[in-house]
Amino acid sequence: MAGIYIHIPFCKQACHYCNFHFSTTFEKYRAQMIDAISQEIYIQKDFFGSSKTQLQSIYFGGGTPSLLNNSEFQQIWRALEANFDLSQLKEVTLEANPDDMDSPFFDMLAQSSINRLSIGVQSFDNLDLAYLNRVHNGESAIHAITTSLNQGIEKISTDLIFGIPTSGIPRLEKDIRLLADLGVSHISIYGLTVEKNTALDLLIKKQKSIPVDEEKSALEMEWLMDFMPTLGYQQYEISNFALPGDEAIHNNSYWHDIPYLGIGPSAHSYKTPFRYWNIANNMRYIQSIEQGILPQETEHIHLHSQYNEWIMTKIRLREGINVQLLEELFDGEISKHFHSTVKKHLASGLLQFQNNHYILSTKGKLLTDNITADLFL
Ligand code: SF4
C-alpha cells in the first residue's frame with residue numbers, strides 16, 4: 001500500500017552538519033507555504049493512478065514539522081482527507097525537535113491522527129549538541145520523550161548520531177541505556193558525515209571545529225552493532241534498530257519498492273519506472289504551485305539504474321539480497337554481472353550466503369558503501 005511524505009521546509013536554527021532543504025527565515029511566507037503544500041496534495045491526487053488511493057503511511061519530515069501549529073497541521077490534513085483514503089492508515093509519523101515539544105505541540109498531537117514521533121535527540125550530551133549546533137539540550141530531550149509516552153504516543157523513534165568528536169563509546173552506551181529505560185522502541189543511528197559546504201565543513205577547514213575521525217566512527221559503529229542486540233534492538237536496516245514488531249512502516253516502503261509520493265519543496269516521489277523531485281527553493285515552489293504547475297523534474301529509471309538502486313537498498317536490509325528475486329527482475333547480463341562480482345566479497349567474508357540471500361557480515365556492514373559501489377553496473 002502507498003505512502004506519502006510531506007516536507008516542511010522550516011527550521012529555527014541551522015544545525016552545522018545539515019544539508020537537507022530548509023530555511024530559517026520563513027515567517028514572512030509561512031502561510032503561503034502551508035497553502036502551497038495543501039494545494040499540491042490536490043494537484044497530485046491521482047499520482048498513484050486512481051483517485052482516493054488507500055494509504056498505509058504518512059510521514060511529516062523536514063526541516064522541522066514540529067514547528068507546525070494546530071491550524072497549519074489541520075489544513076494539510078484536510079487536504080489529505082479530501083484526496084486520499086485514510087481509513088486503513090497504519091502509521092502517521094511526525095519528526096519533532098525536543099525544543100518544540102511544549103504544551104501547544106502536545107495539544108496539536110492530541111487532536112491529530114499522529115501515532116508515531118521521530119524525535120531528533122542526536123545526543124543527550126550538551127557538548128555534543130553544542131558541536132552540532134542543535135537548539136535543544138539533553139534535559140529537554142528527556143522531557144520530550146517522557147511527555148510523549150505519558151500522552152499515549154506508543155511509537156517513539158529517536159535519532160542518534162555517532163562519530164561526534166566531542167564524545168565516544170561511553171556516551172553512546174549511556175544514551176542508549178537511557179533510551180531503553182525510557183521505553184523507546186526504535187532508534188535510528190547515523191554516523192556524522194561532513195557534507196560539502198555545510199557550516200561544519202567550513203568550520204573544520206578554518207580549524208574552528210574538531211575534524212571527524214573516520215577510524216573512531218568505524219569503531220563506534222562496530223561497537224553499536226554488538227551492543228544494540230544486548231538490549232533487544234535488532235538491526236533491521238544498517239542505520240535502524242528496533243524492538244521486534246516496532247520497525248518503521250513508512251521507511252520500509254522506500255526499501256521495498258512500494259510507490260511513494262513526496263509533497264513540498266525538495267520532496268522526492270517514486271513510481272516505477274519513474275522518479276520525480278520537486279524544486280528545492282521555497283519561493284519558486286510557492287509561485288509555481290500558485291499557478292497550478294508542479295515544479296518538478298522527472299527521470300525515467302532505466303534498467304541499469306533500477307538494478308543499482310535495488311542493490312543499494314536491499315544490501316542494507318537484515319534480509320539482504322534475494323537472489324531468486326534479483327534473477328526475476330533483471331535480465332541475464334545483469335544477473336551475470338552480479339554473480340561474478342559478488343564472489344570475491346563472499347570469499348573475503350564481507351557477505352554471507354544464507355537461504356538464497358546475500359547478507360552483509362558485521363565486517364561487511366562497515367564497508368557497505370564500497371561493496372555496493374563494486375556491485376553496481
Ligand atoms: S533541525 Fe533537522 S533539518 Fe533543520 S537544520 Fe537541524 S538537522 Fe537540518
Side-chain angles (χ1 to χ4, degrees), residues 5-27 29-30 33-34 37 59-69 72-73 76 93-102 105 108 114 116-141 143-145 148 156-167 175 186-204 209 212 217 239-240 248 250-251 254 262-268 277-282 285:
Y5 170 83
I6 296 177
H7 190 84
I8 307 297
F10 306 152
C11 288
K12 268 189 197 158
Q13 173 176 304
C15 303
H16 282 169
Y17 56 99
C18 180
N19 72 341
F20 294 137
H21 173 69
F22 66 92
S23 165
T24 53
T25 53
F26 54 86
E27 285 301 343
Y29 61 80
R30 179 178 183 133
M33 178 59 78
I34 303 301
I37 287 173
Y59 190 103
F60 289 84
T64 314
S66 50
L67 286 172
L68 291 174
N69 62 36
E72 291 165 339
F73 179 83
I76 297 171
T93 305
L94 183 116
E95 287 180 356
N97 282 343
D99 46 293
D100 298 326
M101 298 169 72
D102 51 11
F105 171 82
M108 174 192 90
I114 295 162
R116 184 171 182 271
L117 287 176
S118 171
I119 305 177
V121 171
Q122 320 308 352
S123 167
F124 288 106
D125 182 303
N126 289 339
L127 265 185
D128 285 355
L129 294 167
Y131 179 90
L132 300 171
N133 201 36
R134 297 289 304 192
V135 183
H136 70 276
N137 57 35
E139 222 169 89
S140 61
H143 183 255
I145 295 167
S148 305
I156 305 278
S157 176
T158 56
D159 285 351
L160 283 186
I161 296 181
F162 67 89
I164 306 174
T166 40
S167 70
D175 285 4
H186 187 284
I187 308 176
S188 301
I189 313 184
Y190 303 97
L192 180 62
T193 47
V194 184
E195 302 290 347
K196 268 199 180 138
N197 299 325
T198 54
L200 185 58
D201 182 31
L202 302 176
L203 287 167
I204 290 172
S209 266
V212 174
S217 290
S239 305
N240 288 281
H250 184 82
N251 291 0
Y254 298 148
I263 301 280
S266 81
H268 285 232
W277 58 98
N278 283 348
I279 192 166
N281 178 302
N282 289 353
Y285 169 81

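Keep in mind that this is a model prediction, so the values were computed, not measured. Ligands are counted one by one from 1 in listed order, and the atoms in each one are counted from 1 as well. For this chain, numbers begin at 1 and follow the sequence in order.
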Pairing of Asp100 and Lys12 as salt bridge, 4.0 angstrom limit: yes

Separation of Glu195 CD from His16 NE2 (nearest 0.5 Å): 15.5 Å

Heavy-atom side-chain contact between Tyr131 and Ile161 under 4.5 Å: no

Plane angle bin for His250 and Tyr254 - parallel if under 30°, tilted between 30 and 60°, otherwise perpendicular: perpendicular

Aromatic ring pairing Phe60/Phe73, orientation class (parallel under 30°, perpendicular over 60°, tilted between):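 Tilted: the ring planes of Phe60 and Phe73 meet at 30° to 60°.
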
Partner residues of Glu95 under the side-chain contact (heavy atoms from CB on, under 4.5 Å) criterion, sequence neighbours left out: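 In terms of side-chain contact (heavy atoms from CB on, under 4.5 Å), with neighbours along the sequence ignored, Glu95 is linked to Tyr59, Pro65, Ser118.
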
Metal site atom 6 (Fe) of ligand 1, protein N/O/S atoms found under 2.8 Å: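 The number of such protein atoms is 1.
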
Atom 3 (S) of ligand 1 - nearest protein heavy atom and its distance: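 Here the nearest protein heavy atom works out to Gly63 N, 3.3 Å.
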
Whether over 12 other heavy atoms sit under 6.0 Å from His268 NE2: yes

For Tyr17, atoms of ligand 1 separated by under 4.0 Å from a heavy atom: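 Here the atoms of ligand 1 in question are 7 (S).
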
